[in-house]
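Please read the structure below before turning to the comments.
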Amino acid sequence: MSNLSKIRRDKMIEFLETLKEQHSDDESLIAISQIEKELVSKRYGLVWEEHEEAVDVMMRDNIPVFTEVKEHEICMAPGEDYNFLLEGDNLHSLQLLEKTHKGKVDVIYIDPPYNTKNKDFIYDDNMVGEDDDFKHSKWLSFMEKRLSCSHALLNEEGIIFISINDYEGAQVKLLCDELFGENNFIGQLTWESTTQPTNAGVARFALQKKVESIYCYAKNKAKRRGFVLKEMEGDLKYPHEGRFGKCRFEIIEKSDAGAYKRDTMKFSILGQFPREGKRWQIGEDTARELENQGKIEIVDGIVKRAIYPEDEADKRKYFPFWSHFTADAVGTAQSGKDELNNILGRAAGFDTVKPVSLIKELLMHFPKSITILDFFAGSGTTAQAVLELNKEDGGQRKFILCTNNENNICEEITYQRVKTVITGKRQDGSEYSEGIPANLKYYHTDFVSKSEEYLADSLLNHVTEMIQLEHGVRIDDDSYIMIVSDDEADGLERKWNEYTDIKGIYVSQDVLLTASQERLFGSVDTYIIPDYYFNFELREAGELW
């Protein structure tokens, strides 16, 4: 079958060559080259009218930075790493996270605006409705920038989950195929988000949706080792203590009478022969291999084989990671809304909220020490899911949340929810629970003008936030210390004996430590403050070469 589109393109390109001969001036050649470029661009995939956001325009003349809101810090688990809540446009937060967490995030879960045609999606401070001719293009432009950042943030085994509805589901699938690669598509999960039908008006006669989709992509599917699964209770027991831990001892003798008689199965194992009237069940080659592995022992005078859990991996049964979540198992949007209102002690004003159990069900299929990012954090369900899972299984998961503060959502909803779960007390002082001790830092995005006279000094004022974010610590000039000048290094050396609990020192590249300081500071973890925080911006402004 002929590719008619290609035939037509080839004819147009051939005509452009004729035009080049007829119009040799620079302006015409540039215009013809641009037309040719469009003609030979990709022919399959997602195509949309690219739109620019105000946040993009803002970054032409300004550099986004984080500023800590210190009065919102929570420290209920001294010595443990910090979680982070980043207030501001998530595109700014994501670009800063690329400096601190590139290739370091294990799992991303996002619940972006659904663009339901009911003006739930805001683009450049304007509601996008059904009458907007570019409603899909604006949404795709908005998502493409953010998903591109998320791809860079995931590590090689990382996974992203994207909750979405039918209206933009097809678009997000094609967009992710392009950004992550179609071969990295893990699957489409479904969640029974409602069990309540609409019994009023014309809606009762329409097709009523019970489920929402969650698209799942890997950063590099070939490097993934599979999901963590919960093991079913089975018949495989390990009641004994062997050389290498819990095991099951089994006798390797059987009757040597009649048809079972085998003289070749009578040989020495660990210096012992089978007992009278017995012979071994295993051959000599297998016996020698097990001896070398230390998996044969003499127990109560009898030679026995030690069977460990790893020896029966193929026999163990696990609960599968099903791609469909029922309302009975993980709750509905209504139950999520009820959870949020209960935590806050008031109506939050959210019509639909993801239930905590849904997010926990996703996260429980990963190791217990992962870093989770949610850059459409909304009410903060992801944070609560992480904290509750850690309490249930002793995990060390950490979360990073990004959300704007439209209608004070970050301060009054997201932050208050996380604070209540950690402290066990609502904003009004009433008791919610016993609390789940954890640490949290709260940042908001700021801007430094690229035209500032002392740009390097202005950016240096925000390096502390970057160090804390990258390392999950608190620069407190006690346990964690930052040194940005030779004088500060000298001062620390003089007062070294006054410090009793230094865990980390962060040293500027401009500081030249003396030999004695290197020896002294070398007794604790010492880090050089990296140049990838703001050096690109300084070079762009001509302050670095």
Side-chain angles (χ1 to χ4, degrees), residues 63-68 70 73 75 77-84 86 95-106 152-153 155-156 369 371 396 398 400 439-441 443 446 448 450 452-545:
I63 301 167
V65 295
F66 285 129
T67 297
E68 182 175 356
K70 294 187 177 179
E73 180 183 1
C75 185
E80 292 189 12
D81 287 352
Y82 276 79
N83 302 285
F84 289 85
L86 311 177
Q95 293 198 357
L96 286 167
L97 281 168
E98 279 196 67
K99 299 172 183 289
T100 61
H101 283 75
K102 188 173 183 179
K104 296 179 182 179
V105 175
D106 300 287
L153 291 170
N155 63 33
E156 285 299 300
S369 58
T371 297
Q396 298 85 42
K398 298 300 170 189
I400 300 172
N439 301 326
L440 178 78
K441 279 191 172 292
Y443 291 174
D446 254 331
V448 172
K450 292 181 179 180
E452 281 200 18
E453 185 176 358
Y454 299 105
L455 182 59
D457 291 339
S458 296
L459 293 176
L460 183 61
N461 292 331
H462 299 277
V463 166
T464 299
E465 283 86 349
M466 301 296 281
I467 294 172
Q468 293 179 153
L469 178 59
E470 181 170 9
H471 294 270
V473 301
R474 177 189 184 195
I475 302 296
D476 56 4
D477 296 326
D478 184 16
S479 294
Y480 295 95
I481 300 170
M482 185 169 74
I483 298 173
V484 297
S485 69
D486 292 339
D487 288 341
E488 290 182 1
D490 294 339
L492 178 60
E493 183 179 21
R494 287 193 301 271
K495 297 181 179 180
W496 185 258
N497 292 331
E498 298 177 17
Y499 292 89
T500 59
D501 189 34
I502 296 181
K503 296 178 180 176
I505 301 173
Y506 300 86
V507 184
S508 168
Q509 296 186 46
D510 296 329
V511 173
L512 183 62
L513 297 178
T514 65
S516 62
Q517 288 169 354
E518 288 184 348
R519 287 194 299 272
L520 195 62
F521 302 164
S523 61
V524 299
D525 291 335
T526 303
Y527 307 90
I528 300 300
I529 299 174
D531 60 7
Y532 49 71
Y533 289 156
F534 297 114
N535 271 18
F536 173 81
E537 290 81 358
L538 291 173
R539 286 193 183 92
E540 191 178 46
E543 292 201 18
L544 280 180
W545 302 95

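Contact of the L492 side chain with the I505 side chain is registered, since non-hydrogen atoms from C-beta on lie closer than 4.5 Å. By the 4.5 Å heavy-atom criterion applied to side chains, M482 and V463 are counted as neighbours. Side-chain contact check for M466 versus V65: every heavy-atom pair is 4.5 Å or farther apart. A 4.5 Å side-chain heavy-atom check between Y480 and I467 finds every atom pair outside the cut-off.
A distance of 5.5 Å separates OG of S508 from CD1 of I529, quoted to the nearest 0.5 Å. How far CG of N439 is from CG of N83: 7.5 Å, rounded to the nearest 0.5 Å. To the nearest 0.5 Å, the span separating CG on L460 from OH on Y533 amounts to 12.0 Å. Between atom OG1 of residue T371 and atom CG of residue L153 there is a gap of 11.0 Å, rounded to the nearest 0.5 Å. Between the CG atom in N497 and the CG atom in L520 there is a gap of 8.0 Å [rounded to 0.5 Å]. Rounding to the nearest 0.5 angstrom, the gap separating the CG atom in L469 from the CG atom in L96 is 8.5 Å.
A donor-acceptor pair is defined here as one N or O able to donate and one able to accept, closer than 3.5 Å; no such pair exists between the side chain of E68 and the backbone of E465. Using a distance-only test at 3.5 Å, with no hydrogens or angles considered, a donor-acceptor pair links the side chain of T526 to the main chain of V524. A donor-acceptor distance shorter than 3.5 angstrom exists from the side chain of S479 to the backbone of D501, with no hydrogens or angles considered. With hydrogens and angles disregarded, no donor-acceptor distance shorter than 3.5 Å links the side chain of Q509 to the backbone of I528.
With ring centers used as reference points, H462 lies 6.0 Å or more from F534.
Using bins of under 30°, 30° to 60° and over 60° for the plane-to-plane angle, the ring pair Y506/Y527 lands in the parallel bin.
Residue-environment remark: CD (E518) exceeds the threshold of 12 foreign heavy atoms within 6.0 Å.
Smallest separation of non-hydrogen atoms from I481 and Y499: CD1-CE2, 3.7 Å. Annotation for V511 and A489: closest pair CG1-CB, 4.1 Å, computed over non-hydrogen atoms. Scanning both residues, K102 and A152, for their nearest heavy atoms gives CG-O, 3.6 Å.
Taking the ring-ring contact (aromatic ring centres under 6.0 Å, His included) definition, one finds that F66 meets it with Y443, sequence neighbours left out.
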Requested in this report: Evaluate the side chain to side chain contact (heavy atoms under 4.5 Å, CB included) criterion for residues W496 and I502: first the C-alpha distance (whole Å), next the side-chain angles of each, then the deciding distance (0.1 Å), finally the verdict.
Outcome: CA-CA 10 Å; W496 185 258; I502 296 181; 3.6 Å; yes
Query raised in the report: Does the pair H101 and I400 meet the rule for a side chain to side chain contact (heavy atoms under 4.5 Å, CB included), with working shown?
Result: CA-CA 11 Å; H101 283 75; I400 300 172; 3.6 Å; yes
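For N155 and D106, the side-chain atoms include at least one donor-acceptor pair closer than 3.5 Å.
Every pair passing salt bridge (Lys or Arg N to Asp or Glu O under 4.0 Å) that includes a residue from residues 469-489 is listed here, sequence neighbours excluded: E73-R474, K104-E470.
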